[in-house]
Each structure stands twice: as C-alpha cells, then as structure tokens.
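Below is one structure; the comments refer to it alone.
The shown structure was predicted, so the numbers you read here are calculated from the model rather than taken from an experiment. Ligands are counted one by one from 1 in listed order, and the atoms in each one are counted from 1 as well.
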Amino acid sequence: MTEKSTEATSGEPAAAEDAAWQAVLARRSSAAAPLERSSLHDLYGPLCDAGRNGTFAVGHLAQSLDGRIATNSGVSRWISGSADLLHTHRMRALVDAVIVGVNTVLHDDPQLTVRRCEGANPVRVIIDPERRLDGSQRVFTDGAAPTLLLTAADGARKDKMLGNAGIVPVPRSGPALDPHEIRRILAQRGLHRLLIEGGGITVSRFLAAGALDRLQITVAPLILGSGRPSLLLPEITDLCRGLRPRTRRFELGEDIMIECDFSE
Ligand SMILES: NC(=O)c1ccc[n+]([C@@H]2O[C@H](COP(=O)([O-])OP(=O)(O)OC[C@H]3O[C@@H](n4cnc5c(N)ncnc54)[C@H](OP(=O)(O)O)[C@@H]3O)[C@@H](O)[C@H]2O)c1
C-alpha cells in the first residue's frame with residue numbers, strides 16, 4: 001500500500017492507473033525503466049525523459065475560454081477541474097523544483113506540494129524581486145519542502161533567510177530577473193527539471209525570454225469576461241509573428257490541455 005494513492009482520471013480502472021503512475025515515477029528516475037502504452041505514459045513519458053541530460057522547464061496555466069487565470073481580485077480556485085489539479089500534482093512529482101511568482105503566494109498562500117498522487121515534493125521557488133513577502137505564508141513556515149526565495153541582487157536587504165526559505169539573489173536583466181539566469185542558478189543547485197506554475201506574469205516572462213521548453217495550457221469551459229490575463233507578450237502587428245509551436249492535446253475531465261513544445 002502506498003502512502004498516497006492516485007485518483008483515477010484516465011477512464012482506466014484505478015488500480016491500472018496507479019500502476020501506470022508508478023511506472024511513470026520509475027521512468028522519471030531511470031531511463032532504463034520500461035514505459036508501456038497507456039494514456040498516462042503518453043502524457044508523462046516525454047516529460048520524464050526531457051532534461052535527463054540538461055535543464056528542462058515546463059510552464060503550466062489553467063485558464064478560462066476567454067484567457068483568464070483568475071478574477072481581477074485574484075480568485076483562481078478553481079478555474080480547471082479535478083483532473084487538471086491531479087495533473088498539476090503529477091507534474092510537481094516529476095520535477096526538481098516548482099516556481100511561482102510573488103502574486104500567487106500573496107493571493108493563494110499555496111503549499112506547492114504533491115498531495116493528490118504519490119511522489120516526492122519538489123523544491124519550492126518563489127520569485128519576489130522586491131521582497132514583498134513577509135515570511136508568514138505557508139511555504140516559509142510549514143517545513144513541507146525546501147524553499148528558495150529569488151530576490152533582485154541589487155536589493156538593499158542582504159539577509160540570507162526568510163522563515164525556512166533560503167534567499168538567493170539573482171541579477172536583473174532590465175527591470176526583471178532573467179529567466180535564463182534563474183535556470184542557471186537553480187541548475188547549479190541540482191534543480192534541473194522545473195515547473196513554472198504561475199501566475200500569468202511569471203509564465204509570460206519565461207516564455208518571452210525563450211526560457212520554456214514546453215508550455216501546458218489547460219482550457220476550462222468557463223467564461224469570466226474579466227480577470228487576470230493568462231499570457232501577455234510584447235505586442236505584435238503581424239499574425240505571422242505569433243508563436244505556432246508543435247502541440248499535443250489531452251482531455252482532462254471536462255478540460256482540454258494543450259501542450260506546446262518549444263524545444264528544437
Ligand atoms: N489559473 C492558474 O493556472 C493560476 C496559477 C497560478 C496563479 N494563479 C492566480 O494568478 C494570480 C497571480 O498571477 P499574476 O500573473 O498576477 O502574478 P504572478 O505571476 O504570481 O507574480 C508576478 C510577480 O512575480 C514577480 N516576478 C515573476 N517573474 C519575475 C521575473 N522574471 N523577474 C522579476 N519579477 C518576477 C514580479 O514581482 P514584482 O511585481 O514584485 O516585481 C511579478 O509582478 C493569482 O490570482 C493566482 O491565484 C492562477
């Protein structure tokens with residue numbers, strides 16, 4: 001009996017889905033572990049193998065049909081359904097670190113741990129260049145997983161910890177912290193496989209910098225008509241300058257997840 005059992009979402013019997021997830025976790029650890037054909041293996045197999053010999057970054061956002069990830073007041077629980085939430089926890093279990101921006105921590109006070117399936121918690125990485133967080137949020141106090149706080153290297157405060165989190169200064173590139181530099185600094189700490197879990201600003205900065213290998217957008221059959229935007233990139237005036245990556249599509253309950261592949 002495993003400590004955390006997997007919820008069934010694939011339409012296969014729960015025991016078969018559990019076994020498939022165990023095989024995915026084994027494959028994450030070893031390229032020699034076999035992956036048989038199943039819906040879980042189709043989705044997660046390429047992600048297990050990606051980044052085995054280098055760094056790998058995948059973004060994920062859940063958005064409404066009209067491209068919103070939260071209300072204007074910051075309410076986002078939940079845009080997508082339980083299958084996408086389980087998917088998010090599975091993605092956490094497959095990476096070394098999960099990254100979110102400061103607004104997400106302020107609004108959601110997330111744990112960023114693996115709770116809906118079996119798997120180890122990733123290191124939690126919070127991007128807060130201006131030191132807006134005060135250390136009272138759960139990622140700084142619950143001790144559930146190691147936590148890093150990325151701040152601007154030119155900031156005035158030079159302390160080394162905020163709660164349980166180690167503070168890591170990152171050089172700016174213009175007003176923002178350079179996502180490539182973030183990847184390099186995390187790789188130096190052994191964090192090679194990264195999940196950028198939100199919000200829209202954080203994922204957009206990685207995408208705009210060309211620092212995402214894959215991007216997963218889960219679209220829920222929901223129209224908000226207002227709210228915080230999903231992706232925001234520099235304006236284009238010509239449609240041919242839009243990004244048109246290779247994609248894979250998966251049904252997650254009532255939602256559709258489209259995974260964009262930006263790798264060469
Ligand atoms: N539906 C979903 O999938 C989903 C997922 C996560 C969160 N959310 C929701 O989304 C909302 C928050 O999203 P958001 O887009 O407003 O904000 P966010 O991405 O959570 O945080 C953005 C902030 O993080 C800092 N930051 C991130 N990347 C940076 C970089 N490369 N360089 C410098 N600073 C960087 C900046 O802080 P400063 O402003 O201090 O410079 C930036 O304004 C919340 O309501 C949350 O509930 C939804």
Would you indicate which of [options] comes nearest to [atom] when only heavy atoms are counted?
atom: atom 33 (C) of ligand 1; options: Arg228, Arg77, Arg205; result: Arg205
atom: atom 9 (C) of ligand 1; options: Gly101, Ser76, Ala208, Pro175; result: Ser76
atom: atom 32 (N) of ligand 1; options: Ile182, Asp84, Leu231, Leu177; result: Leu177
atom: atom 39 (O) of ligand 1; options: Arg131, Arg68, Arg132, His60; result: Arg132

Is it true that a side-chain atom of [X] and a backbone atom of [Y] form a donor plus acceptor pair closer than 3.5 Å?
X: Arg131; Y: Arg157; result: no
X: Asp261; Y: Thr247; result: no
X: Thr147; Y: Ala145; result: yes
X: Ser204; Y: Leu232; result: yes

Practice task
Pick one of side chain, backbone, both or neither for how Val102 approaches ligand 1, counting any non-hydrogen atom pair under 4.0 Å.
Solution key: both
Handout entry: For ligand 1, the portion of Ala62 having any non-hydrogen atom under 4.0 Å away
Key = both
Exercise for the section: Assess whether side chain to side chain donor-acceptor pair (under 3.5 Å) is satisfied between Asn121 and Thr113, documenting all intermediate values. Expected result: CA-CA 5 Å; Asn121 293 331; Thr113 53; 4.5 Å; no
Handout entry: Parallel, tilted or perpendicular, as decided by the 30° and 60° cut-offs, for the rings of His60 and His87
Key =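 The arrangement is tilted - the two ring planes meet at 30° to 60°.
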Practice task
Scan Ile127, Leu112, Ile126 and name whichever one has a side chain to side chain contact (heavy atoms under 4.5 Å, CB included) with Ile99.
Solution key: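 That would be Ile127.
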Problem - With Arg27 via side-chain hydrogen bond (donor to acceptor under 3.5 Å, both in side chains) - residues at least two apart - result: Asp49
State the atoms of ligand 1, each with its element, that fall below the 4.0 Å cut-off from a heavy-atom position in [X].
X: Gly198; result: 6 (C), 19 (O)
X: Ala70; result: 45 (O)
X: Pro129; result: 25 (C), 33 (C), 34 (N), 37 (O), 41 (O)

Exercise for the section: Using a 4.5 Å cut-off on heavy atoms from C-beta on, say whether the side chain of Arg77 contacts that of Pro110. Expected result: yes
Handout entry: Leu47 side chain near Glu259 side chain, heavy-atom distance below 4.5 Å
Key =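 Answer yes - side chains close enough.
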Any N or O on [X] sitting closer than 3.5 Å to an N or O of ligand 1?
X: His107; result: no
X: Ile69; result: yes
X: Gly74; result: yes
X: Ala176; result: no
X: Glu130; result: no
X: Val75; result: no
X: Asp128; result: no
X: Glu197; result: no

Practice task
Distance to 0.1 Å, residue and atom name: give those for the protein heavy atom nearest to atom 13 (O) of ligand 1.
Solution key: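 Result for atom 13 (O) of ligand 1: Gly199 CA, 3.4 Å.
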Exercise for the section: Please confirm whether Val100 comes under 4.0 Å of ligand 1, counting heavy atoms of the residue only. Expected result: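 No; Val100 lies far enough from ligand 1 that no heavy-atom distance drops under 4.0 Å.
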Problem - Distance flag, aromatic centroids of His180 and Phe206, threshold under 6.0 Å - result: no
